[in-house]
Trainee: 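Before we start, here is the structure in question, set down as structure tokens.
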Number of protein chains: 2
Amino acid sequence: MTVDRDQVLRAAAVALTRKATSTMDEVAKAAGIGRATLHRHFAGREALVRALENLGIQEFEAALDAARLDEGPAGDALRRFIGEVEPVAGLLAFLVTENQLFEGEEMNDGWARLDGRVSALFRRGQEQGEFRIDLTPAWLTEALYGLIGSAAWAVQDGRVAAKDFQYMIAELLLGGARRSVEQ
Amino acid sequence: MTVDRDQVLRAAAVALTRKATSTMDEVAKAAGIGRATLHRHFAGREALVRALENLGIQEFEAALDAARLDEGPAGDALRRFIGEVEPVAGLLAFLVTENQLFEGEEMNDGWARLDGRVSALFRRGQEQGEFRIDLTPAWLTEALYGLIGSAAWAVQDGRVAAKDFQYMIAELLLGGARRSVEQ
DNA sequence: AATGGGTGAGACATCATTGTCTCATTCGGG
DNA sequence: CCCGAATGAGACAATGATGTCTCACCCATT
């Protein structure tokens, strides 16, 4: 009887990922509940998006933890992270394009923390001689986000196979398109 | 006196790139004209977005032409293209996220044509032994779009320098983050 | 079986945006 | 210099989404 808030959030994430301008009514239907109930759990659309933001940050952080970024070669850590982040890729793509989140001054500082951890991984890779130093950690971080979003979108659209998600992103980000002697 | 339609479109592109949900009133103000005039030139918001789509496709195609994709090494051609596409990167990022464009069946077939030309470049690079073959042309095309969008956003936000736009994208896409013997 | 909390459906007012219209003004070509 | 076309500002109705409320109903607990 009682609605599972977390389940509603995940359904909302799917609906909004598919169409960012979905109405509260569409979100409610996607979650299999009534619009009134949706409003009972989230004061409004704003609150819903904020809750999704928190969920996304939380899962992103969980993926970072599970990937153990500090252990082993930075490239391997990056591969682990991409594998862990795959289930949330669609939600993250939605949140990133929801640029109104980043307009106000009340920007969730969780993003900065996540950016910091990802940047730190790239920096570690550079300091240990594994990554090239002419591409800044900030850019590598942005690029990783962009590739994750692109891959999530391509998989959702059936242009690439879901099973290749981790491989495609990691190989492109680490090795690039150029054929090199190693590999 | 008479409004320059092309100039209005470019102003609209800037406004909508910055905030995808900008109202017609905001777009009009951004273009320095009245809302009534905006409606006189574009029958409605739908028509405006369609016009922007056509503009984006046209400029994208112009960038492809200017880059002479068939000439020389594929990597060099890609670099030229990235340089040429830089001025339209923001508009393209907006159009790609405006996924409602791709819901209806009346999807502008210009996108397929552009995708084809970009994919062909990657395929040529693979056939000539310049690019690795374990990453599909379709994925490399998606990745290129994603990186262009990420870079445009990062530059707009001041996280990376505008002058590095071409270099960052090309180096990452071609060579990847890993340090390799060549380079 | 009785009870109470949570829910779905719908009604309702409110609000923002859109699209259309009018009218005064202004700019440019003849 | 004058006339006409295009513009800006504002009024207006229509539309769609939002947020709130009521009420009947269902299910779980007691």
Side-chain angles (χ1 to χ4, degrees), chain A residues 1-56 91 94-95 97-106 108, chain B residues 1-56 91 94-95 97-106 108:
Chain A
M1 182 184 191
T2 300
V3 162
D4 180 358
R5 179 190 157 103
D6 210 63
Q7 179 184 337
V8 171
L9 267 184
R10 287 172 202 285
V14 172
L16 287 171
T17 296
R18 191 156 40 85
K19 181 155 87 79
T21 58
S22 296
T23 67
M24 293 294 274
D25 195 58
E26 291 172 315
V27 171
K29 278 189 171 51
I33 64 177
R35 193 166 66 95
T37 305
L38 182 59
H39 268 93
R40 282 188 195 102
H41 286 267
F42 304 98
R45 188 195 182 73
E46 171 84 10
L48 175 62
V49 174
R50 289 294 171 186
L52 281 175
E53 184 183 24
N54 288 329
L55 176 65
L91 175 57
F94 161 70
L95 291 174
T97 61
E98 194 78 352
N99 46 17
Q100 62 194 25
L101 288 175
F102 312 109
E103 305 202 309
E105 312 79 12
E106 71 282 1
N108 194 320
Chain B
M1 182 183 188
T2 301
V3 162
D4 179 357
R5 179 189 157 101
D6 210 64
Q7 179 183 338
V8 170
L9 268 184
R10 287 171 201 285
V14 171
L16 287 170
T17 296
R18 190 156 40 86
K19 182 156 85 79
T21 58
S22 296
T23 67
M24 293 294 275
D25 196 58
E26 292 171 314
V27 171
K29 278 188 170 51
I33 64 177
R35 193 167 66 94
T37 305
L38 181 60
H39 268 91
R40 284 188 193 100
H41 286 266
F42 304 97
R45 187 195 182 72
E46 171 84 11
L48 175 62
V49 174
R50 290 294 171 186
L52 281 175
E53 185 183 22
N54 288 329
L55 176 65
L91 174 57
F94 161 71
L95 291 174
T97 62
E98 194 78 353
N99 46 14
Q100 60 194 28
L101 288 175
F102 312 108
E103 306 201 310
E105 312 80 12
E106 71 281 3
N108 193 320

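Reckoned from all heavy atoms, side chains included, excluding hydrogens, waters and symmetry mates. Lettering follows sequence order; numbering is per chain, from 1.
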Trainee: Could you check which of dT7(D), dT18(C), dG19(D) has an atom nearest any side-chain atom of Arg45(A)?
Mentor: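 Of the options given, the side chain of Arg45(A) lies nearest dG19(D).
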Trainee: Could you go step by step and tell me if Leu16(A) and Leu91(A) meet the side-chain contact (heavy atoms from CB on, under 4.5 Å) rule?
Mentor: CA-CA 8 Å; Leu16(A) 287 171; Leu91(A) 175 57; over 6 Å; no
Trainee: Which of these nucleotides, dG8(D), dG8(C), dA11(D), is closest to any side-chain atom of Arg35(B)?
Mentor: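 Among the listed nucleotides, the one closest to the side chain of Arg35(B) is dA11(D).
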Trainee: Rounding to a whole Å, what distance do you find between Met24(B):CE and dG8(D):P?
Mentor: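 Nearest whole value for this atom pair: 14 Å.
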Trainee: Check the distance between dG6(C)'s P and Asp4(A)'s CG and give it to me in whole angstrom.
Mentor: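 Those two atoms, CG and P, are 15 Å apart.
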Trainee: Taking OP1 and OP2 of dG8(C), is either one under 4.0 Å from a side-chain nitrogen or oxygen of Thr37(A)?
Mentor: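 Answer is yes, contact under 4.0 Å.
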Trainee: Would you say Met24(A) and Leu48(A) make side-chain contact, with heavy atoms under 4.5 Å?
Mentor: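 The answer is yes; the side chains approach within 4.5 Å.
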Trainee: Taking CZ from Phe42(B) and P from dT18(C), how many angstroms apart are they, rounded to a whole number?
Mentor: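 Value for this atom pair: 15 Å.
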Trainee: The side chain of Ala36(B) is closest to which nucleotide in this list: dG8(C), dT7(D), dC21(C)?
Mentor: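 When the side chain of Ala36(B) is considered, dC21(C) is the closest of dG8(C), dT7(D), dC21(C).
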Trainee: Using the side-chain contact (heavy atoms from CB on, under 4.5 Å) rule, take Val3(A) and His41(A) through it: C-alpha gap first, then chi angles, then the decisive distance, then the call.
Mentor: CA-CA 9 Å; Val3(A) 162; His41(A) 286 267; 3.8 Å; yes
Trainee: Measure from CZ on Arg5(B) to P on dA6(D) and round the result to the nearest Å.
Mentor: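 Taking atom P of dA6(D) as the reference, CZ of Arg5(B) is at 15 Å.
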Trainee: What is the distance, to the nearest angstrom, from the CG atom on Leu38(A) to the P atom on dG19(D)?
Mentor: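 The distance from CG of Leu38(A) to P of dG19(D) comes to 10 Å, rounded to the nearest Å.
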Trainee: Rounded to whole Å, please give me the gap between CG in Asp25(B) and P in dG10(D).
Mentor: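 Rounded to the whole Å, the gap is 11 Å.
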Trainee: Is there side-chain contact between Arg10(B) and Leu55(B), with at least one heavy-atom pair below 4.5 Å?
Mentor: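 Yes - at least one pair of side-chain heavy atoms lies under 4.5 Å apart.
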Trainee: Does the side chain of His41(B) get closer than 4.0 angstrom to OP1 or OP2 of dT7(D) through an N or O atom?
Mentor: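 Checking dT7(D) against His41(B), a side-chain N or O does come within under 4.0 Å of OP1 or OP2.
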Trainee: Please determine if Arg50(A) and Glu53(A) form a salt bridge, counting it only when a charged side-chain N lies under 4.0 Å from a carboxylate O.
Mentor: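 Salt bridge flag = yes for Glu53(A) with Arg50(A).
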Trainee: Nearest whole angstrom, please: distance from the P of dT17(C) to the CG of Leu16(B).
Mentor: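 Computing the Leu16(B):CG to dT17(C):P distance gives 14 Å.
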Trainee: Go through dT7(C), dT18(C), dT18(D) for me and flag the one nearest to the Thr23(A) side chain.
Mentor: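 Of all the options, the side chain of Thr23(A) is nearest to dT18(D).
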Trainee: Choosing from dT20(C), dT20(D), dT7(C), which nucleotide comes nearest the side chain of His39(B)?
Mentor: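 The nucleotide sitting nearest to the side chain is dT20(C).
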Trainee: Given atom CZ of Arg40(B) and atom P of dT20(C), what is their separation to the nearest angstrom?
Mentor: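 Distance, rounded to whole Å: 12 Å.
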